[in-house]
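Order of listing sets the numbers, starting from 1, for every ligand and every atom in it.
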Amino acid sequence: MSRLNLNNPSEYPEGFAHYPLYFTPAQQAALIGAVKAGVDTAPFYQPTMPRTGNPLSVVMSNFGPLGWVTDKEGGYRYVSLHPKTGAPWPALPDMLQSLWDDVSGCAAPPEACLINWYREGSKMGLHVDNDERDTRAPVVSVSLGDPAIFRLGGTKRGGPTQCIKLFSGDVVVLGGEARSCYHGVSKVDYGQSALVPKGGRINLTMRRVNPAAH
Ligand SMILES: O=C(O)CCC(=O)C(=O)O
Ligand SMILES: [Mn+2]
């Protein structure tokens, strides 16, 4: 069951925060510039599902010492090298480190920043981020480009979900109880924004992977 009352903070789980338009249009353009520079050295690649090898709907790259990858043979994991080029991932842009410092409440830096590119028709099924050894730090994510419908459920699979509309420049934090909540992207309003070169939506998701002092 999915309710259509969009963006109702009184219904958000503990630890969930939505910062509408955290980044100005000029800052969003600068972030897109940083993504363009990053994917020059670490190009988007097509991730595939563990076991079946079915392609995910998004294409991906990463910033930071670790990157989240998935493929048929190895499954979901963090690796320090790009699976196609064998090169280290590019460094996390300063603007994203500053965002983390501002909203995460975690003194240690994020180790991974996944770059998801949603092209026409892309979405992301409901899931919990649980490939990290340390889930005390929150997940902090940035939306750029086309608006999206973010679905947020509870900690149990199959429970009710609510829909939150995310626009370019919005930031979402999944901490506390929300760190263990199901979430996904049910729809992208493709073609609404001209920010992303070649169109669509870019999501930047920062996570800690290993235990650290918080
Ligand atoms: O695109 C989004 O807003 C969410 C992405 C996400 O949940 C993930 O990459 O784990
Ligand atoms: Mn996620």
Handout entry: Test side chain to side chain contact (heavy atoms under 4.5 Å, CB included) applied to Gln162 and Tyr12, step by step
Key = CA-CA 9 Å; Gln162 54 186 307; Tyr12 295 162; 3.6 Å; yes
Problem - Asp94, CG atom: more than 12 neighbouring heavy atoms under 6.0 Å - result: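 No, not enclosed.
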Which ligand 1 atoms does [X] reach within 4.0 Å, using its non-hydrogen atoms?
X: Met124; answer: 5 (C), 6 (C), 7 (O), 8 (C), 9 (O)
X: His183; answer: 7 (O)
X: Leu114; answer: 9 (O)
X: Arg201; answer: 1 (O), 2 (C), 3 (O)
X: Tyr118; answer: 1 (O), 2 (C), 4 (C), 5 (C)
X: His127; answer: 6 (C), 7 (O), 8 (C), 10 (O)
X: Asp129; answer: 10 (O)

Practice task
Please test Arg207 against Trp68 for side chain to side chain contact (heavy atoms under 4.5 Å, CB included), starting from the C-alpha separation and ending with a verdict.
Solution key: CA-CA 10 Å; Arg207 308 185 185 115; Trp68 188 89; 4.0 Å; yes
Exercise for the section: Output, in order, the C-alpha distance, side-chain angles, deciding distance and verdict of salt bridge (Lys or Arg N to Asp or Glu O under 4.0 Å) for Lys165 and Asp170. Expected result: CA-CA 10 Å; Lys165 190 155 188 179; Asp170 286 11; over 6 Å; no
Handout entry: Distance from atom 5 (C) of ligand 1 to nearest protein heavy atom, with residue and atom
Key =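 Here the nearest protein heavy atom works out to Asn203 OD1, 3.4 Å.
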Exercise for the section: Please write down residue, atom name and distance for the protein heavy atom closest to atom 9 (O) of ligand 1. Expected result: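 Answer, as residue, atom name and distance: Asn116 ND2, 2.9 Å.
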Handout entry: Pro50 versus Thr70, closest heavy-atom pair with distance
Key =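 Residues Pro50 and Thr70, closest heavy atoms: CD-OG1, 3.5 Å.
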Handout entry: Non-hydrogen atoms of Ser104 and Pro138 that approach each other most closely
Key =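 It is O-CG, 3.3 Å.
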Problem - Angle in degrees, rounded to 10°, that NE2 of His127 and NE2 of His183 form at the Mn ion (ligand 2) - result: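 Value, to the nearest 10 degrees: 90°.
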Problem - Cluster overlap Val128 with Phe16, hydrophobic side-chain contacts below 4.5 Å - result: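 Shared cluster, no.
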Handout entry: Trp68 to ligand 1, any heavy atom closer than 4.0 Å
Key =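 No heavy atom of Trp68 comes that close to ligand 1.
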Problem - Any Arg207 heavy atom less than 4.0 Å from ligand 1 - result: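 In this structure, Arg207 qualifies as a contact of ligand 1 - some heavy atom is under 4.0 Å.
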Handout entry: Nearest-0.5 Å distance that lies between atom OG in Ser80 and atom CG in Asn62
Key =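 If we round to the nearest 0.5 Å, Ser80:OG and Asn62:CG are 11.0 Å apart.
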Exercise for the section: Walk me through it: do Leu66 and Asn210 pass the test side chain to side chain contact (heavy atoms under 4.5 Å, CB included)? Expected result: CA-CA 10 Å; Leu66 292 174; Asn210 297 302; 3.9 Å; yes
Handout entry: Part of Val172 with heavy atoms under 4.0 Å of ligand 1, whether side chain, backbone, both or neither
Key =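 Neither; nothing of Val172 gets under 4.0 Å from ligand 1.
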Exercise for the section: Measure from the Mn ion (ligand 2) to every N/O/S atom of Asp129 and report the name of the nearest one. Expected result: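 Going through the N, O and S atoms of Asp129 one by one, OD1 ends up nearest to the Mn ion (ligand 2).
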